[in-house]
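The next block holds one structure in the form of structure tokens; read it before the comments.
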Amino acid sequence: MTYTNWTLLNTMPVFGIEQEYNAAECPLYVRNEPIEATKNALRDAGINWVKCVYDGSGGVDVELVFPPAVDCPEFWADYSKVMEVCTSLGLRYIKNCGMHVHVGTRRFNCGITPAEFWEASKAGASAGVFHVADNFLCGVDNLMPFALVKDVMRFYGLNQDFIDNAMPTSRANQPANSMISAVGWTKTSRAFDNADNLEDLKNVIIRLKRDNGSGWNATPKFNAVNVGCYESGTIEFRQHPATLSSKKAATWVRLLIHDIETCDKERL
């Protein structure tokens with residue numbers, strides 16, 4: 001089968017960020033109603049395009065969901081404003097709080113400027129629409145191919161030690177039964193090598209997790225690289241801790257995008 005490159009001239013990756021925060025040291029009104037308090041504070045700052053939702057993970061009191069974005073100064077300036085509001089409320093991150101980055105399987109086709117794309121995405125999110133209009137994206141013939149998804153997971157696994165060294169201890173060297181399982185096992189797994197499609201790959205992950213003591217979390221989702229959301233239009237990276245630093249968030253997003261595009265251009 002011929003491999004069709006995902007990285008095209010005059011296109012950009014689309015990504016979304018989810019940030020989880022703890023409210024235990026916030027003022028009482030925030031601790032009592034962390035989601036509503038955060039939503040109200042953002043609205044007072046003129047920000048009505050971020051979702052504040054319940055997560056359910058231990059220690060996570062509020063999760064912020066950003067609309068689809070591209071790497072442009074306008075997005076990061078707005079992102080920084082959100083971080084300022086969270087800091088003013090006293091929200092913090094503890095070891096259970098993560099920053100999840102979803103990278104879209106279809107690229108922005110640059111029919112408009114990146115700044116215009118971000119404004120359109122914010123407008124959609126303000127109306128409750130958190131997906132990109134189809135006419136802003138490359139066609140489905142440029143969908144991220146399964147071969148690239150597999151290469152990205154392999155590339156992450158090959159560099160797992162390097163990534164772990166950049167993470168806090170609580171989010172490094174994660175066992176197979178954790179919420180953010182390491183994927184270094186891809187380096188030596190014959191079953192991974194032999195997976196020919198997404199369903200095969202998901203089954204390989206599930207078997208590995210069950211063999212290593214996972215119960216309810218024996219799904220493709222709970223890995224440093226989550227391929228389980230591919231059919232919904234993204235792949236997700238879950239290992240990075242939550243942060244209030246827009247610089248750290250931007251650096252991590254850019255590293256992930258660079259890694260994906262390197263895999264696409266070089267093929268492993």
Side-chain angles (χ1 to χ4, degrees), residues 14-103 114-115 117-119 121-128 130 163-172 179-180 224 234 236-257:
V14 178
F15 62 87
I17 297 176
E18 301 162 354
Q19 290 277 11
E20 299 172 340
Y21 294 117
N22 175 270
E25 295 186 357
C26 292
L28 185 61
Y29 79 98
V30 181
R31 293 202 305 271
N32 285 345
E33 295 287 346
I35 294 174
E36 284 304 310
T38 305
K39 189 185 302 182
N40 291 339
L42 289 169
R43 185 175 61 243
D44 291 345
I47 299 166
N48 64 347
W49 39 266
V50 174
K51 277 197 288 192
C52 302
V53 300
Y54 174 74
D55 176 81
S57 302
V60 178
D61 295 313
V62 59
E63 179 178 334
L64 304 187
V65 181
F66 289 79
V70 291
D71 185 3
C72 65
E74 293 78 9
F75 167 72
W76 293 114
D78 282 340
Y79 187 91
S80 294
K81 293 174 186 175
V82 176
M83 296 299 98
E84 289 170 6
V85 171
C86 293
T87 300
S88 70
L89 287 173
L91 294 174
R92 61 176 188 150
Y93 45 92
I94 59 175
K95 68 179 183 179
N96 284 358
C97 296
M99 178 177 79
H100 303 156
V101 178
H102 288 260
V103 178
F117 173 92
W118 173 234
E119 287 301 319
S121 189
K122 282 196 297 182
S126 298
F130 273 72
I163 295 167
D164 283 347
N165 286 336
M167 297 290 159
T169 304
S170 62
R171 301 186 77 82
M179 298 279 284
I180 49 172
T234 70
E236 180 189 25
F237 299 86
R238 299 174 54 86
Q239 188 173 356
H240 199 287
T243 180
L244 290 163
S245 166
S246 56
K247 183 177 180 180
K248 285 184 178 180
T251 299
W252 181 240
V253 167
R254 289 167 182 161
L255 176 65
L256 295 174
I257 288 172

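This chain uses plain numbering: 1 for the first residue, then up along the sequence.
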Separation between SG (C72) and CZ (F117), nearest 0.5 Å, reads 9.0 Å
The reported gap from OG1 in T234 to NE2 in H100 (rounded to nearest 0.5 angstrom) is 12.0 Å
Does the side chain of P241 come within less than 4.5 Å of K95's, by heavy atoms?
-> no
For A242 and Q19 the tightest heavy-atom approach is CA-OE1, 3.3 Å
By salt bridge (Lys or Arg N to Asp or Glu O under 4.0 Å), R171 pairs with (sequence neighbours left out) none
Check: Would you call V253 and D71 a side-chain contact if the rule is heavy atoms closer than 4.5 Å?
Finding: no
Subject >> I47 and K81, any side-chain heavy atoms less than 4.5 Å apart >> reply: yes
- [ ] Assess whether atom CD of E119 is packed by more than 12 heavy atoms of other residues, nucleotides or ligands within 6.0 Å.
- [x] yes
### Task
Indicate yes or no: at least one non-hydrogen side-chain atom of D78 is less than 4.5 angstrom from one of F75.
no
Looking at side-chain heavy atoms only, is the closest gap between V60 and Y54 below 4.5 Å?
-> no
Sorted by chain and residue number, the side chain to side chain donor-acceptor pair (under 3.5 Å) partners of R238 (sequence neighbours excluded) come out as E236
For T251, the side chain to side chain donor-acceptor pair (under 3.5 Å) test, sequence neighbours excluded, returns none
Heavy-atom distance under 4.5 Å between the side chains of I163 and W252, does that happen here?
yes
dist H102:NE2 -> E18:CD (nearest 0.5 Å) comes out at 3.5 Å
Looking only at heavy atoms, the pair that brings E20 and C97 closest together is O-CB, 3.2 Å
One should read off an interatomic distance between Q239 CD and M99 CE, to the nearest 0.5 angstrom, of 11.0 Å
Nearest heavy-atom approach of V70 to F15 is C-CE2, 3.5 Å
### Query
Do R92 and N22 pass the side chain to side chain donor-acceptor pair (under 3.5 Å) test, and can you show the C-alpha distance, the side-chain angles, and the key distance before you say yes or no?
CA-CA 5 Å; R92 61 176 188 150; N22 175 270; 3.1 Å; yes
Heavy-atom closest pair (A24 atom, D61 atom, distance to 0.1 Å) is N-OD2, 3.9 Å
Heavy-atom closest pair (I17 atom, W76 atom, distance to 0.1 Å) is CD1-CH2, 3.9 Å
Rounded to the nearest 0.5 angstrom, the CD-CG distance for E33 and L28 is 10.5 Å
Here the gap from I94 atom CD1 to E25 atom CD, rounded to the nearest 0.5 Å, amounts to 9.5 Å
What one should report as the nearest heavy-atom pair of L89 and V30 is CD2-CG2, 4.0 Å
Checklist line | S57-N96 side chain donor-acceptor pair, cut-off 3.5 Å | finding: no
task = For the residue pair N48 and K39, establish whether any side-chain heavy-atom pair is separated by less than 4.5 Å.
result = no
Q) Do the ring planes of W118 and W49 sit parallel (below 30°), tilted (30 to 60°) or perpendicular (above 60°)? A) perpendicular
